[in-house]
Amino acid sequence: MPQWLCNQLMRAFYNKNRRQVRLLNDCWFFYRTRRSDAEESSSSQLH
């Protein structure tokens with residue numbers, strides 16, 4: 001997880017900002033799934 005995202009999540013959690021925690025969590029999962037999809041497609045093109 002990028003440091004900037006981790007810092008924002010910690011700040012939102014500390015301030016009990018549920019909306020921001022949920023938004024950042026969704027962003028992280030979206031980023032992670034997009035990145036894994038890109039890695040799978042690039043590795044399949046190599047073979």
Side-chain angles (χ1 to χ4, degrees):
M1 177 180 292
Q3 190 60 42
W4 63 269
L5 183 60
C6 191
N7 290 340
Q8 285 191 8
L9 262 171
M10 286 192 299
R11 190 177 312 125
F13 187 77
Y14 179 76
N15 292 329
K16 297 180 178 151
N17 187 342
R18 287 184 176 182
R19 184 171 165 257
Q20 189 175 10
V21 169
R22 194 171 296 129
L23 175 69
L24 291 168
N25 191 43
D26 288 344
C27 290
W28 168 242
F29 280 102
F30 177 75
Y31 170 81
R32 217 177 77 184
T33 55
R34 285 284 301 249
R35 192 165 181 196
S36 66
D37 288 347
E39 288 174 359
E40 287 175 6
S41 65
S42 67
S43 65
S44 65
Q45 290 174 354
L46 294 175
H47 297 297

Response to the item:
side chain to side chain donor-acceptor pair (under 3.5 Å) filter on Gln20, not counting sequence neighbours, yields Asn17
Give the table of side-chain donor-acceptor pairs shorter than 3.5 Å for residues 4-14, with sequence neighbours excluded, one pair per line with atom names and distance.
from: Asn7; atom 1: OD1; to: Gln3; atom 2: NE2; distance (Å): 3.0
from: Asn7; atom 1: ND2; to: Gln3; atom 2: O; distance (Å): 3.4

Response to the item:
Applying ring-ring contact (aromatic ring centres under 6.0 Å, His included) to Tyr31 and not counting sequence neighbours gives Trp28
Item to complete: Kindly work out whether a path of hydrophobic side-chain contacts (I/L/V/M/F/W/Y, heavy atoms less than 4.5 Å apart) joins Val21 to Met1.
Response: yes
